[in-house]
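Residue numbers start from 1 in every chain, and the chains themselves are labelled A, B, ... in the order their sequence lines are given, proteins ahead of strands.
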Number of protein chains: 2
Amino acid sequence: MTSSVPNICKSCSLHCDHDSFCARLTNDELIQLNEKSHSASMKRGDTLSGEALTQWPIVAVSSGVLSLQHLMADGRKSIAALYMQGDIIDLRGIANRNRCNLISLGNSEVCRLSPDIFERVASSNPNAQNSIWSNLRQQTFRAIDHSVDMSKKQALEKLASFIIECNYRETSTASGSVVTKIPVRRVDLAEYIGVQPETVSRCFKNLKDRGVLAFKNLSVVTIHDVALLQKIANGEK
Amino acid sequence: MTSSVPNICKSCSLHCDHDSFCARLTNDELIQLNEKSHSASMKRGDTLSGEALTQWPIVAVSSGVLSLQHLMADGRKSIAALYMQGDIIDLRGIANRNRCNLISLGNSEVCRLSPDIFERVASSNPNAQNSIWSNLRQQTFRAIDHSVDMSKKQALEKLASFIIECNYRETSTASGSVVTKIPVRRVDLAEYIGVQPETVSRCFKNLKDRGVLAFKNLSVVTIHDVALLQKIANGEK
DNA sequence: CGGCAAGTTGAGCCAGGTCAACTCCGGTGG
DNA sequence: CCACCGGAGTTGACCTGGCTCAACTTGCCG
């Protein structure tokens, strides 16, 4: 049996990107996993929830941005987490907790992995296991940092943190780049950092007026004063 | 070689509690891990940070409550996460992110595991690995839920969520018990839910006045109306 | 029975929520 | 090519929940 990379994986960032999960698999493992998995394109608003998540609770993000959304009884909506390229969303066991949906915030490519094969590969391939573990830990740290941001920071500080986070998480061609893409709409950003869209707008204006950053367009900003942005995010002045 | 459980483990909740990590180890594994680990008692304010965490980034909580604290530039302090009995705190890789400390909020017993042995056991014992994974996922979900609570809820709702979370995480003798221990001081609670101590006090008063709960003493409450508490936590009325 | 830390209560103030009006922009059809 | 439309983002005016600061009460330990 010749084992060659499945076609669909050849062009997938999860396979091409050196330190993501799929890149660590042997060809055989990749084939097995691929056979039992579904890859899918999603567009803004497409949702995975309920049944779909119970049966296929593991989703790998190849491109785009997904959000985990919670809905409160009175209709307040909030984005609990953002997932981007390389994240492996493992929602097994979340059913015990609050109901929530996985919603794409734009065009995105995902791969819905078979839990069985995923688990099997994870325990037989330590290299792959490390990758998963490290990604999961990163998600935990991100969630923890985010909850700190949400609990103590004020709006401007939250926005600054968010921009820095965007810059940091960008599939950084040149890391430390000062041109950063804001990969979500204003209203999604607002839901993620827990303020109103109006407030986001005002805070962006504030940063622009102070010369901290400039807009190329709505979704691309140039950071003129990284140090100051970091100070703001960290609560100085 | 006779393999018997190390003395120190015999009385440790991590070993006795059926579904926690240590309980899943073979005696040999337990002995190996124990040899290279330090167990320690901590009291209120005792801190693990910097060097100590870099070299020994994995801490298992046997009893008590630990907190992960972030400090902002202007002195605002905030508790990012609470760890209780059975949690395995794996801080490997957190150094890339914000500096933070692990601080005990009262008397607690911890076991600082050797990363090497921990990793080795995890990959050779799938049963143990499952336990670790599941705990880490729970931590992630908790952090995500918490960040939702922080970002969109108001003080009363946060407090209600916190009480429910306490009740849920209690090493529940009888689950669903309406008597719940608040395992932290008011000021720590306030830092965790991101409000001022004064506000915590006012919200507790509110819940008491409405008959939702009653105090046995400062740290033990009886929930008289679980349904209402849940509604409040979820933002109804 | 002090003495101190922890928690509570009160009064005033401000960051950000709310609501409404307005602008901007891309798509569509006459 | 322009007029129109609808959704996204912005701006302004007002209001309120929770922060602040200060005084007071309670509980715990020697």
Spacing of [X] atom [atom1] relative to [N] atom [atom2], expressed in whole Å:
{"X": "A/Lys153", "N": "C/dG16", "atom1": "NZ", "atom2": "C1'", "answer": "18 Å"}
{"X": "B/Arg186", "N": "C/dT8", "atom1": "CZ", "atom2": "C1'", "answer": "10 Å"}
{"X": "B/Asp209", "N": "C/dT8", "atom1": "CG", "atom2": "P", "answer": "12 Å"}
{"X": "A/Leu189", "N": "D/dG9", "atom1": "CG", "atom2": "P", "answer": "9 Å"}
{"X": "B/Gln154", "N": "C/dA15", "atom1": "CD", "atom2": "C1'", "answer": "15 Å"}
{"X": "B/Met150", "N": "C/dG16", "atom1": "CE", "atom2": "P", "answer": "17 Å"}
{"X": "B/Asn217", "N": "D/dT26", "atom1": "CG", "atom2": "P", "answer": "16 Å"}
{"X": "B/Leu105", "N": "C/dA6", "atom1": "CG", "atom2": "P", "answer": "13 Å"}

Are B/Asn135 and B/Gln139 close enough that a side-chain donor and a side-chain acceptor fall under 3.5 Å?
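On atom types as modelled, these side chains qualify, holding a pair under 3.5 Å.
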What I want to check is whether the side chains of B/Lys43 and B/Ser104 have a donor and an acceptor closer together than 3.5 Å.
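Distance-only check fails for B/Lys43 and B/Ser104.
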Specify the residue among B/Lys208 and B/Arg44 whose closest nucleotide of DNA chain C lies further upstream toward the 5′ end.
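Taking each residue's closest nucleotide, the earlier one in sequence belongs to B/Arg44.
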B/Tyr192 and B/His146 aromatic ring geometry - parallel, tilted or perpendicular at 30°/60° bounds
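Taking B/Tyr192 first and then B/His146, their aromatic rings lie parallel (interplane angle under 30°).
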Could you walk me through whether B/Asp188 and B/Arg185 pass the salt bridge (charged side-chain N to carboxylate O under 4.0 Å, His left out) test, one step at a time?
CA-CA 5 Å; B/Asp188 297 323; B/Arg185 295 178 309 164; 3.2 Å; yes
Identify each atom pair where a protein N or O and an N or O of nucleotides 17-19 of chain C are less than 3.5 Å apart, giving names and distance.
from: C/dG17; atom 1: OP2; to: A/Gln196; atom 2: N; distance (Å): 3.4
from: C/dG17; atom 1: OP2; to: A/Thr199; atom 2: OG1; distance (Å): 2.6
from: C/dT18; atom 1: OP2; to: A/Gln196; atom 2: OE1; distance (Å): 3.4
from: C/dT18; atom 1: OP2; to: A/Gln196; atom 2: NE2; distance (Å): 3.4
from: C/dT18; atom 1: O4; to: A/Arg202; atom 2: NH2; distance (Å): 3.0
from: C/dC19; atom 1: N4; to: A/Glu198; atom 2: OE2; distance (Å): 3.1

Closest heavy-atom contact between A/Gly75 and A/Leu71?
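Shortest heavy-atom contact: O-CD1, 3.9 Å.
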With sequence neighbours excluded, what pairs up with A/Phe21 under the ring pair (Phe, Tyr, Trp, His ring centres under 6.0 Å) test?
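Ring pair (Phe, Tyr, Trp, His ring centres under 6.0 Å) check on A/Phe21 returns A/Phe118.
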Counting the atoms with a prime plus P, OP1 and OP2 as sugar-phosphate, which does A/Val200 contact under 4.0 Å by heavy atoms, base, sugar-phosphate, or nothing?
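Here A/Val200 touches no strand at all.
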